[in-house]
Chemist: 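Submitted below is the structure of interest, expressed as structure tokens.
Note that the coordinates shown come from a computational prediction; the quantities given were computed from them, not determined experimentally. Atoms within each ligand, like the ligands themselves, are counted from 1 in listed order.
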Amino acid sequence: MMRKIEHIGIAVKDLKKSNELFALLLGKEHYKTESVAGEGVETSFFQVGETKVELLQASRPDSPIAKYLEKKSEGVHHIALDVEDIHAEVKRLKEAGFEILNETPKQGADNKIVVFLHPRSTNGVLVELCQNAG
Ligand SMILES: CC[C@H](C(=O)O)C(=O)SCCNC(=O)CCNC(=O)[C@H](O)C(C)(C)COP(=O)(O)OP(=O)(O)OC[C@H]1O[C@@H](n2cnc3c(N)ncnc32)[C@H](O)[C@@H]1OP(=O)(O)O
Ligand SMILES: [Co+2]
């Protein structure tokens, strides 16, 4: 079951500058920064009511964010959905015909395990499933 939008992921070139911009926009500072080496990203998180904004800067050239920014401008990169049982959701979505990029959940930021769906199977939106890592 999809419980809520966990976060909106935004690709940025300069995390420090974007942290200042989003602190001004949201009227509050980010509550954490975190490197996710497996994804080649540096992230920062802002709590916005029940959901979050996740800013993402590439930490190495082969990062998905680096590739994204080679072709597109800064902006909304993905939508993350909070799920109760990520394995059950992967099974349900696979059977429904969605393209799962990593069937085995991988370590995400902010104490989550995550799975991604290919945007070509979701109307052009990169979708991330997030489950609390416990
Ligand atoms: C996990 C840590 C953190 C967290 O929240 O915990 C994160 O969120 S990390 C976020 C970064 N990691 C990822 O994005 C992993 C999943 N992404 C991928 O596997 C790739 O980026 C992929 C498959 C979405 C795209 O791969 P690649 O760039 O090699 O392929 P193309 O450039 O050829 O793109 C193929 C096709 O997809 C379109 N595309 C690419 N990225 C996006 C996007 N973010 N949103 C929507 N569409 C996207 C691209 O435009 C191409 O479309 P086409 O029509 O063929 O031009
Ligand atoms: Co994310």
Chemist: Any salt bridge between Lys112 and Glu6, counting N to O under 4.0 Å?
Modeler: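 Salt bridge present between Lys112 and Glu6.
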Chemist: Just jot down the ligand 1 atoms closer than 4.0 angstrom to any heavy atom of His7, in number order.
Modeler: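 Here the atoms of ligand 1 in question are 5 (O).
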Chemist: Could a heavy atom of Gly124 be found less than 4.0 Å from some atom of ligand 1?
Modeler: yes
Chemist: Less than 3.5 Å between some nitrogen or oxygen of Gln107 and one of ligand 1, yes or no?
Modeler: no
Chemist: So, of the N/O/S atoms that Glu54 has, which is the nearest one to the Co ion (ligand 2)?
Modeler: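 Of all N, O or S atoms belonging to Glu54, OE1 is the one nearest the Co ion (ligand 2).
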Chemist: Decide, counting backbone as well as side-chain atoms, whether His7 has an N, O or S atom less than 2.8 Å from the Co ion (ligand 2).
Modeler: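 Yes, within the cut-off.
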Chemist: N/O to N/O below 3.5 Å, does that happen between Glu54 and ligand 1?
Modeler: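 The answer is yes, given that Glu54 and ligand 1 share an N or O pair closer than 3.5 Å.
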Chemist: Look at the aromatic rings of His7 and His78 and report parallel, tilted or perpendicular, splitting at 30° and 60°.
Modeler: perpendicular
Chemist: Show the atoms of ligand 1 that are less than 4.0 angstrom away from any heavy atom in Lys67.
Modeler: 27 (P), 28 (O), 29 (O)
Chemist: Is there a continuous path of hydrophobic side-chain contacts, each under 4.5 Å between heavy atoms, that joins Leu93 to Val115?
Modeler: yes
Chemist: For His30 and Phe22, I'd like to know if the aromatic rings sit close, meaning centre-to-centre distance below 6.0 Å.
Modeler: no
Chemist: For ligand 1, which is the ligand I care about here, please tell me if His77 has any N or O atom under 3.5 Å from one of the ligand's N or O atoms.
Modeler: yes
Chemist: Using a strict 4.0 Å cut-off to heavy atoms of Glu39, name the atoms of ligand 1 that fall inside it.
Modeler: 1 (C), 2 (C), 9 (S), 11 (C), 12 (N), 13 (C), 15 (C)
Chemist: If we only consider heavy atoms of Lys112, is any one of them less than 4.0 Å away from an atom in ligand 1?
Modeler: no
Chemist: Examine Phe45 against ligand 1 and note whether any of their N/O atoms are separated by less than 3.5 Å.
Modeler: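 No, there is no polar N/O contact under 3.5 Å.
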